[in-house]
Amino acid sequence: MIQAPIQEPPALFEEIGEQALPGVRTTCGSPEKNYILEVNGGGVLLGDFDGDGKIDVVIVDGSTIERAAKGEPGLPPRLFLGKGDGSFAPAPEAWKLSGGRWGMGGTVGDYDGDGWLDLVVTQWGPTRLFHNEAGHGFREVTEGAGLGPGAWGTSAAFLDYDRDGKLDLFVVEYLEFDTAKVHSRAEGTCTWKGHPVMCGPEGLTPLRSRLFRGSGDGHFQDVSAAAKLDEAPPAFGLGVMTLDFDLDGDTDIYVTNDSTPNQLWENLGDGTFRDVGFQRGVSHDANGREQASMGIACGDWNGDGRDDLFVTNFSGENDVLYSSSKGAGFRERSGSASLSGPTLPLLGWGTCFGDFDLEGDLDLAVFHGHVYPQADSLGTDTSYAQPDTLFENDGKAHFSSRPLSSLGPAVSRACAPADLDGDGDLDLLALRVEGPVRVLRNRALHDERHHWLGVRLRARGGNRFALGARVSLVWKGGGTSAEMRTAGGFQAAVPAELHFGLGSVDKLEKLHVRWPDGSAQDFEVALVDRMLQLEQRAP
């Protein structure tokens, strides 16, 4: 008897970029990728910038080698205002942003405590700062902000590392780049699997990440040396994530590095940090090898109350799941969680945890694409365009993989999740290294077995969006928790809000908030399937 072929379930996400952001494309150098500068792609920065309750997006665009050689500005970042149905409209003239040198990524946060989300844009060149004019436009305030000359910033994160109520800024730096000093692919100096390719990062000069302490009025001071970040060797930095991995109440920082060990900066609570990546088990893979790491997802995938880390890597190096363990350490669980094999041949970039199917546990979205267009040549055993993957959590310490959407292989880079259409599930927005911007609408079920809750916080003082707060939900027989952040892993920023998939849980017993200043507050929240905004009570 001939058995019918097993039918793969339909993709959970629907590609609607052509309708949601028609004609919006990004540029990152030449199609041939002659220089490493042309590889990373741009940035995706999400937030409600105009205060209407709908998620907006800033697309950070790049440039070309020819424009840079002429001293011309790169393509400007662009703000698109969300309509609340998953689509976007170009922002009015007051929101217009000028082009910098060559845009990469950035972050969002309210650095002056006025209740409006401001913007940081990283680039090949100085880091740029934009002030939100009370929801009516952006004004560049880079000059005099104290962010320094910069070199090549990739990812960035706002945080309050010293818990003074004023946001600080962490900027990840990549490498020193000058076309006059770096060989072009066309010269044939650097090869990969027998094919001439762009040079780097090996052989180029890595940089150190920088920490800037905020004064709360738009001025920042470089405290990298005082915070002891300069005690670690320079590295090829690409991704950043804020988290309280040791649950001591202050914010730590995880940085993924390309071809150099990853760093876990433990906040010692006295204004200094210590790199404990090796000691905590998150600097290398399980065999002690450093990897070419890019994106970071952070969340409690196994429900033990601690945040775990997922890191995307180069092709031939599987992506890594670092699962938290007792004693504030981590153990690699990539193989046992069924993540090693499917990711080994792929090159991962943007990634995120999220309960995309609303079944009560965290799934993984991973976007792929090679760095070398020459990967399409014979004998490479891989390809330039690659399929993106949804890893669904079965709730029993394993993931199963399926295509993220019906798009097929693409050359994707940064991504960020958010509920773009207000229906209660997480959608995705992602970039290709060049080409149309992708918007992926979630088609999860919404019924008695698929509930959710959204949470926005408003804290006292300067850290109005409560970055670093931890929200815990308690229901009969269980619970879950998550930390408020806007760091998006790789050249991305996520909205200052939390999304909880609840599965069949339709009633909560309690919602607990540990605010960034260390105070705690309980809220009675019975109804789910809605977005809450919670205010910190007066002292």
Side-chain angles (χ1 to χ4, degrees), residues 46-48 51-56 82 84 108-110 115 117 158-160 242-244 247 249 251 297-301 303 305-307 352-356 358-363 416-427 442 444 446 450-461 463-475 478-488 493-503 505-537:
L46 300 182
D48 179 11
D52 66 354
K54 303 167 187 174
I55 300 299
D56 313 309
V108 299
D110 179 11
L117 288 173
F158 274 119
L159 70 158
D160 182 9
T242 56
L243 73 161
D244 182 9
L247 298 180
T251 302
C298 184
D300 181 10
W301 79 285
R306 294 179 177 271
D307 280 338
C352 53
F353 277 117
D355 188 358
F356 299 112
L358 302 181
E359 292 186 351
D361 46 34
L362 293 183
D363 312 301
D419 182 3
L420 302 177
D421 52 9
D423 65 353
D425 54 41
L426 287 174
D427 310 297
N442 193 334
H446 292 74
H450 299 86
H451 295 288
W452 63 279
L453 185 73
V455 178
R456 297 169 180 156
L457 300 177
R458 293 296 180 267
R460 301 189 309 267
N463 185 5
R464 288 284 292 140
F465 289 83
L467 303 190
R470 191 160 194 91
V471 175
S472 301
L473 309 184
V474 179
W475 58 81
T480 188
S481 66
E483 183 173 319
M484 186 71 72
R485 60 175 68 93
T486 56
V494 299
E497 60 188 40
L498 297 175
H499 176 274
F500 296 93
L502 299 175
V505 174
D506 60 0
K507 184 177 181 181
L508 302 181
E509 293 185 350
K510 183 174 67 174
L511 186 154
H512 177 83
V513 180
R514 188 201 67 192
W515 295 98
D517 62 8
S519 65
Q521 190 173 353
D522 288 336
F523 296 85
E524 291 186 5
V525 179
L527 299 178
V528 297
D529 298 325
R530 57 177 176 151
M531 174 66 73
L532 302 175
Q533 180 161 308
L534 306 176
E535 300 275 347
Q536 185 177 14
R537 65 183 169 217

Distance (rounded to the nearest 0.5 Å) between [X] [atom1] and [Y] [atom2]:
| X | Y | atom1 | atom2 | answer |
| --- | --- | --- | --- | --- |
| Trp301 | Asp355 | CH2 | CG | 14.5 Å |
| Leu453 | Arg530 | CG | CZ | 7.5 Å |
| Asp300 | Asp361 | CG | CG | 10.5 Å |
| Leu46 | Leu117 | CG | CG | 11.0 Å |
| Thr480 | Phe500 | OG1 | CZ | 6.0 Å |
| Phe353 | Asp363 | CZ | CG | 9.5 Å |

Given side chains that start at C-beta, do those of [X] and [Y] come closer than 4.5 Å, heavy atoms only?
| X | Y | answer |
| --- | --- | --- |
| Val525 | Leu527 | no |
| Val505 | Val528 | no |
| Val471 | Leu534 | no |
| Phe465 | Leu457 | no |

Checking [X] side chain against [Y] main chain: does a donor-acceptor pair fall under 3.5 Å?
| X | Y | value |
| --- | --- | --- |
| His446 | Asp423 | yes |
| His451 | Gly360 | no |
| Asn442 | Asp425 | no |
| Thr486 | Val108 | yes |
| Asp110 | Gly115 | yes |

Results of salt bridge (charged side-chain N to carboxylate O under 4.0 Å, His left out) for [X] - residues two or more places apart only:
| X | value |
| --- | --- |
| Asp244 | Arg514 |
| Asp517 | Arg460 |
| Asp56 | none |

Checking side chain to side chain contact (heavy atoms under 4.5 Å, CB included) against Leu498, which of Arg485, Met531, Met484, Glu483 comes through?
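The passing option is Met484.
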Could you go through residues 506-513 and list every donor-acceptor pair under 3.5 Å that involves a side-chain atom there, pairing it with any protein atom two or more places apart or in another chain?
| residue | atom | partner | partner atom | Å |
| --- | --- | --- | --- | --- |
| His512 | ND1 | Asp522 | OD1 | 2.6 |

Please give me the minimum heavy-atom distance between [X] and [Y], naming the atom from each residue.
| X | Y | result |
| --- | --- | --- |
| Gly468 | Pro516 | C-CG, 4.5 Å |
| Asp419 | Asp421 | OD1-OD1, 3.0 Å |
| Gly424 | Leu358 | O-CD2, 3.9 Å |
| Gly305 | Ser481 | O-OG, 4.2 Å |
| Gly488 | Val494 | CA-CG1, 4.1 Å |

task: Name the orientation class of the two ring planes belonging to Phe523 and Trp515 (parallel below 30°, tilted from 30 to 60°, perpendicular beyond 60°).
output: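 If you compare the ring of Phe523 with that of Trp515, the planes turn out perpendicular.
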- prompt: Considering residues at least two apart in sequence or located in another chain, which fulfil the side chain to side chain donor-acceptor pair (under 3.5 Å) criterion with Gln533?
  reply: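 Result, side chain to side chain donor-acceptor pair (under 3.5 Å) vs Gln533: none returned.
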I'd like to check the side chain to side chain donor-acceptor pair (under 3.5 Å) partners of Arg456; sequence neighbours left out, ordered by chain and number.
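If we apply the side chain to side chain donor-acceptor pair (under 3.5 Å) test to Arg456, skipping adjacent residues, the hits are Glu497.
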